[in-house]
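Residue numbers start from 1 in every chain, and the chains themselves are labelled A, B, ... in the order their sequence lines are given, proteins ahead of strands.
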Amino acid sequence: MKSAKLIIVLTVTTLLSGIGLSFLNSWAQPKIEAYQQKVLEQAIYDVLPGIEKYKVKEIEGTKFYEGISPEGQTVNVAFRAIGRGFQSELRILVGMDTSMTKILNVNLLQQAETPGLGTKIADDPGADNPAWFMQQFDSLTVAQQDIDYVKNEEPDKENAEIEAITGATISSKSVVNIINKAIDNNRELYNSGQ
Amino acid sequence: MAKNKISLIKEFTKGLWDENPVLVMLLGLCPTLAVTNSAINGLSMGLAVLFTLTSSSIIISTFRKIIPDEVRIPTFIVVIATFVTITDLTMAAKFPEISKALGPFIPLIVVNCIILGRQEAFSSKNPVGRSIIDALGMSVGFTLTLTLLGAIRELLGAGTIFQIQIMPDSFANWMVMILPPGAFLTLGFMIAGYNWINDKLKTQ
Amino acid sequence: MAKKNSEEQRFTLSSSPHLSKEDDVNKIMNTVIMALVPAIAFSVYHFGWDSLLTIMVAAGSCLATEYLIKKMRKREVTDTSSLLTGILLAMTLPPGLGIGFVMLGSVFAIAIGKEIFGGLGYNIFNPALLGRAFLQASFPVKMTTWEAPQHLAMDAKSFATPLGGYKFGESVIQNAGDYIDGLIMGNVGGCIGETSAIAIILGGVFILVKKYADWRIPVSYLGTVFVLGGIFWLISPANYPDPIFHLFSGGLMIGAFFMATDMVTSPVTPLGSWIFGIGAGVIVILIRLFGGLPEGVMYSIIFMNAFVPLIDRYTRPKYFGEVKK
């Protein structure tokens, strides 16, 4: 009799909890997904200039976001580049032309680097333009060579160079490597799927 | 009646000072140390705990006579986990930015000792009204401490409090304060300060 | 540790001072400060009067902090150890670091590094290094911006150190001449007191001879760095620097002779000293070759400091007549 009470109380508690949470979940889940979708969409429109809409194209499990111009043509493409930074995973959305030789824009989706140092890749409060680091990647041509980084000197944009952040060399280097690797991997994949 | 009223006030204020969960009982140190790199994060974590603790206390003290002793801990945990999930989902849906900043520490409230501790020590033995007062006192104490801790770290580490610039531009931010060691240092000094004030009060 | 030099070889007298000697804390501290004079003199020649100013500010702030805290605790200041802490802290700072930062580091070193634990003899970590660690964690950019030495002045705003050069691919040390002139004499960029190996060794050997530092610590520390660095170099000379470079670059020399040997924060037993030195050496190589930072001497010593109570406990000599359990 006693053990029956134990079972009943626990069962009822978990049952009520489960029912309640599933109702809450059915309300919250669409909102959470909508938010994630909004963030991603915002990022796609950010990195692909001059597009009206985009469509998702999946090749061998890799998602490419193709930008469609108002005339209905595929003009550019974006994809994710993911890899390790100094102490966190970096997720970057890279927008390129369809031949994947020129970077249009990049957008740092996620980072949790050392506050005040590595976080400067996203936001450098001391600089006139806090977003200068990621903006350096805009319109670099990477047909012939990979992106390279320099320290304490003027980078040569023609040669796909960017300037690393003083005191956050590893984070800077990681961003460069992650983007280089993603371009290398995706260029062939995307061209083969055309 | 008068006596009862006084003790109700005491029930509330003990969480603020005499039995402050962070400074005296050293409970819930995981979120305390991890999320307090800014005042707003400290405050949000505090409010999340306030909601979870108060709701769980209401439920558990209401049903305290039905819940058999043998399964009280699993029952408490289920109730607490339910409210933590409610908090987590609601924050993710309504305040995605704050939810992102607090990361895994919202779901981790479920293992926060303050909450289970209050159920075990208080609301499973006391009537609903008193349990609410106790839960509110504890969580307000927790919230204030975390907000203060976050404010000190944010002030020294970023020169701001609630993102409002306080320090002059010439102030060089002490980066270490918003890193994990800053949490330990600041908490240590807060506990030392608490004991110092307490000693002064007692000797008077 | 001053009492360690028991002539009696059959028994090792270590932890307690069993014989009274004329050495006291002040005499030891002052001798160590004297041993630092060559390195200080070189730093003034190398980086200019600014470096002397940094040293004086650090020493002054440390003394003042010690005095204030002792006053708060209603105690007397009885020794000059905080003066030594200040000088050592200054030696590990980059030249041209603002006065405010130097003062902040000094206050941290004495207040948190030493007095919070109960004062001299109770601190777990080397106070000077703790002060430096605080500055390094708080102002990482400031702490790694190296001013060009005065007499090598050039236009460059910042100046790569040999280790930084290795880590970030702008090699500073290239030929044999660079080894002698740069690493051993000290004509390279770096912290105020760390660049000249020869000046540090001069002072270091002096305190070893005076037995104010345990020779086992620098020997095992430097030896481990040399051997382990050498092994990696032999495996792949293209990827890893040679052991001589390891030995004479960065803060290893000053760390090995003056920081790791701090009496309060190093083991008391001979075996413990070996363990301490070897452990610190391994950490230096790991950080230098595989870590995110160019230099690992500071963290290696702080890290091993934390193990000292444990090392002492497990290397405790047997009581006379004690039977093995």
Side-chain angles (χ1 to χ4, degrees), chain A residues 1-40 42 86-89 91 108-120 122-126 128 130 165-168, chain B residues 37-38 41 55-56 59-60 63-97 99-101 103-104 110 153-154 156-160 163 165 169 172-183:
Chain A
M1 200 51 223
K2 182 118 203 248
S3 61
K5 193 187 170 194
L6 303 184
I7 294 166
I8 290 165
V9 168
L10 256 186
T11 314
V12 170
T13 320
T14 41
L15 208 65
L16 287 178
S17 157
I19 293 168
L21 285 181
S22 62
F23 272 113
L24 183 75
N25 194 45
S26 61
W27 164 82
Q29 206 55 40
K31 281 193 155 60
I32 295 169
E33 270 163 21
Y35 172 75
Q36 282 164 349
Q37 187 64 26
K38 203 182 91 193
V39 171
L40 179 68
Q42 187 64 49
F86 178 62
Q87 60 173 39
S88 65
E89 192 182 66
R91 288 162 182 262
L108 189 60
L109 298 174
Q110 183 193 306
Q111 59 86 18
E113 297 289 276
T114 321
L117 276 182
T119 50
K120 284 187 185 167
D123 176 28
D124 184 358
D128 298 333
I165 295 166
T166 313
Chain B
N37 53 9
S38 69
N41 284 355
S55 320
S56 323
I59 298 288
I60 285 164
F63 296 105
R64 68 185 187 281
K65 286 181 184 138
I66 305 173
I67 301 169
D69 233 21
E70 292 87 343
V71 291
R72 69 180 195 285
I73 301 281
T75 315
F76 295 168
I77 289 288
V78 170
V79 172
I80 294 166
T82 309
F83 284 107
V84 170
T85 315
I86 292 173
T87 318
D88 191 25
L89 286 175
T90 314
M91 279 180 98
K94 283 280 175 196
F95 314 101
E97 293 300 326
S99 163
K100 217 174 136 190
V110 78
R153 289 180 64 192
E154 191 185 338
L156 293 175
T160 59
Q163 268 115 50
Q165 189 72 36
D169 279 346
N173 298 334
W174 304 7
M175 219 68 84
V176 70
M177 295 308 279
I178 45 179
L179 299 174

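For Leu89(B), the parts lying near chain A are the backbone and the side chain together; criterion is any non-hydrogen pair under 4.5 Å.
If you take CH2 on Trp27(A) and OG1 on Thr90(B), they are separated by 5.0 Å, rounding to the nearest 0.5 Å. Expressed to the nearest 0.5 Å, how far CD1 of Ile8(A) lies from CD1 of Ile66(B) amounts to 12.0 Å. Here the straight-line distance linking atom OG1 of Thr119(A) with atom CE of Met175(B) works out to 7.5 Å at 0.5 Å rounding. Thr13(A) OG1 to Ile77(B) CD1: the interatomic distance, rounded to the nearest 0.5 Å, is 12.5 Å. Here the straight-line distance linking atom CD of Glu70(B) with atom NZ of Lys5(A) works out to 9.0 Å at 0.5 Å rounding. Rounded to the nearest 0.5 Å, atoms OG1 (Thr87(B)) and CG (Leu24(A)) are 9.5 Å apart.
Summarising the geometry of Ile67(B) relative to Val9(A), their closest heavy-atom pair is CA-CG1, 4.4 Å, with the distance given to 0.1 Å.
Applying the side-chain contact (heavy atoms from CB on, under 4.5 Å) test between Ser17(A) and each of Val78(B), Val79(B), Thr85(B), Ile86(B) identifies Val78(B) as the sole match.
A search for side-chain contact (heavy atoms from CB on, under 4.5 Å) contacts involving Pro180(B) returns nothing, not counting sequence neighbours.
Note on Asp69(B), Asn173(B), Val71(B): by heavy-atom pairs under 4.5 Å with chain A, the leading option is Val71(B).
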